[in-house]
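Heads up: the structure comes next, in structure tokens.
As the structure is a computational prediction, the values presented were derived from the model and not from experiment.
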Amino acid sequence: MRRLIRRHGRCGLACRNWSPYEALTRAVAHQQLNGRAAQTILTRFVALFGNGRFPTPAAVVATHPARLRRAGFSRAKVRAIKDIARHALAGTVPTRRAAAPLGDAALIERLVAIRGVGRWTVEMLLIFTLGRLDVLPVDDFGVREGYRKAYGKRVRPTPKALGKLGEPWKPYRSVAAWYLWRAASDR
């Protein structure tokens, strides 16, 4: 890890100023798409609501699914986005303030019950929206590949093995993940 830190310099983890609702919605939009395609769809999605701001959960719930499909979302993504909005209205998806006192495990358990939201999606929310510093997304291909490359291994560690290998990085496993993502893209 020391070599990675020297090579890549200061950690560049940055939090986005999004609500958990917006972060989850954006994450679902990006699933199985390249970044440019997802951004185009999100731009159309925001434009559907006419005010230039990310739509509120109430606005999304009130919007007919066919209208959301016109932005470019698949039927499955429309169902997921509407479910996220419903759960935001119900309080299952907390505000940033309400999320602050909740532990990572509690947030993961709470949010994976929502259609289209898995553990990895919540971990990205924890790291990049809520600024949690001790999250190691062991299922992330880039983190596992980064470990393989950085530590000169022939095969990527399993998620379980990476969880154990990452114990010494506590309480800064999100920072370690950032460096492993850099290592994965090293040539």
Side-chain angles (χ1 to χ4, degrees), residues 12-133 135-145 159 174 177-178 181 184-185:
L13 273 179
C15 279
R16 298 173 184 118
N17 192 25
W18 295 337
S19 69
Y21 152 73
E22 182 175 349
L24 291 175
T25 302
R26 287 178 178 277
V28 165
H30 277 84
Q31 288 172 355
Q32 301 173 344
L33 291 176
N34 73 43
R36 182 172 286 151
Q39 193 53 52
T40 298
I41 292 169
L42 280 166
T43 299
R44 285 190 223 135
F45 172 64
V46 170
L48 289 175
F49 298 90
N51 63 6
R53 294 194 312 244
F54 203 82
T56 66
V60 171
V61 168
T63 302
H64 193 277
R67 187 164 180 233
L68 297 176
R69 292 257 305 132
R70 283 195 291 275
F73 292 123
S74 67
R75 282 182 176 81
K77 285 189 181 186
V78 167
R79 285 192 295 271
I81 288 167
K82 284 180 107 22
D83 203 38
I84 292 166
R86 277 190 291 277
H87 279 88
L89 290 173
T92 305
V93 177
T95 62
R96 288 176 75 93
R97 177 177 281 159
L102 298 174
D104 298 345
L107 280 166
I108 290 169
E109 183 179 337
R110 182 176 180 164
L111 297 175
V112 296
I114 301 169
R115 179 190 298 269
V117 177
R119 180 181 186 87
W120 180 87
T121 303
V122 180
E123 289 169 340
M124 297 304 105
L125 165 85
L126 291 168
I127 295 170
F128 295 109
T129 301
L130 299 178
R132 304 285 175 95
L133 292 176
V135 178
L136 183 61
V138 297
D139 295 312
D140 187 278
F141 176 84
V143 172
R144 292 174 50 226
E145 178 64 8
S174 301
W178 185 88
W181 280 315
S185 61

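- Closest approach of G142 to A184, counting heavy atoms only: O-CB, 3.3 Å.
- Shortest non-hydrogen contact noted between A80 and V28 is CB-CG1, 3.9 Å.
- The shortest distance between side-chain heavy atoms of I81 and F45 falls below 4.5 Å.
- The distance from atom CZ of R26 to atom OG of S19, rounded to the nearest 0.5 Å, is 9.5 Å.
- Side-chain atoms of F128 and L13, non-hydrogen and from C-beta on, do get closer than 4.5 Å to each other.
- D140 has its side chain within reach of W181: a pair of non-hydrogen atoms, C-beta onward, lies under 4.5 Å apart.
- Using a 4.5 Å cut-off on side-chain heavy atoms (C-beta onward), P94 and L107 make contact.
- Listed by first then second residue, pairs satisfying side chain to side chain donor-acceptor pair (under 3.5 Å) with a partner in residues 45-65 number zero, not counting sequence neighbours.
- With contacts defined as side-chain heavy-atom distances shorter than 4.5 Å, the pair R115/I84 does not qualify.
- Distance check: H87 NE2 to K82 NZ gives 14.0 Å after rounding to the nearest 0.5 Å.
- Rounding to the nearest 0.5 Å gives a distance of 6.0 Å between NE2 of H30 and CG of L42.
- Taking each heavy atom of R119 and I108 in turn, the nearest pair found is NH1-CG2, 3.6 Å.
- Within the model, atoms CH2 of W18 and CG of L24 stand 11.0 Å from one another, a figure rounded to the nearest 0.5 Å.
- Other residues, nucleotides and ligands place no more than 12 heavy atoms under 6.0 Å from the CD atom of E109.
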(request) Starting from the C-alpha separation in whole Å, work towards a yes-or-no answer on side-chain contact (heavy atoms from CB on, under 4.5 Å) for I41 and L33. (result) CA-CA 10 Å; I41 292 169; L33 291 176; 3.8 Å; yes

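- In this structure, P20 and L130 have side chains that are in contact, with non-hydrogen atoms separated by less than 4.5 Å.
- Considering only heavy atoms from C-beta on, R86 stays 4.5 Å or farther from P57 through its side chain.
- Annotation: side-chain hydrogen bond (donor to acceptor under 3.5 Å, both in side chains) contacts of R110 (sequence neighbours excluded): none.
- With L126 as the partner, the side-chain contact (heavy atoms from CB on, under 4.5 Å) test is satisfied by one option alone out of L111, T121, V135, L133: V135.
- With hydrogens and angles ignored, the 3.5 Å screen pairs a side-chain donor or acceptor of R44 with a backbone N or O of A71.
- Smallest separation of non-hydrogen atoms from L125 and A23: CD1-CB, 3.5 Å.
- Distance OG1/T92 to CG/D83: 9.0 Å, rounded to 0.5 Å.
- Here the closest non-hydrogen pair linking A38 and A29 is CB-O, 3.8 Å.
- Side chain of S174 to main chain of R132: a donor-acceptor pair is present (N/O by atom type, distance under 3.5 Å, no hydrogens or angles).
- At a threshold of 4.5 Å between non-hydrogen side-chain atoms, the residues T25 and F54 count as touching.
- A donor-acceptor pair is defined here as one N or O able to donate and one able to accept, closer than 3.5 Å; such a pair exists between the side chain of K77 and the backbone of Q31.
- Atom CG of L89 and atom OH of Y21 lie 8.5 Å apart (nearest 0.5 Å).
- Cation-pi geometry between R67 and F49 is satisfied (NZ or CZ under 6.0 Å from the ring centre, within 45° of the ring normal).
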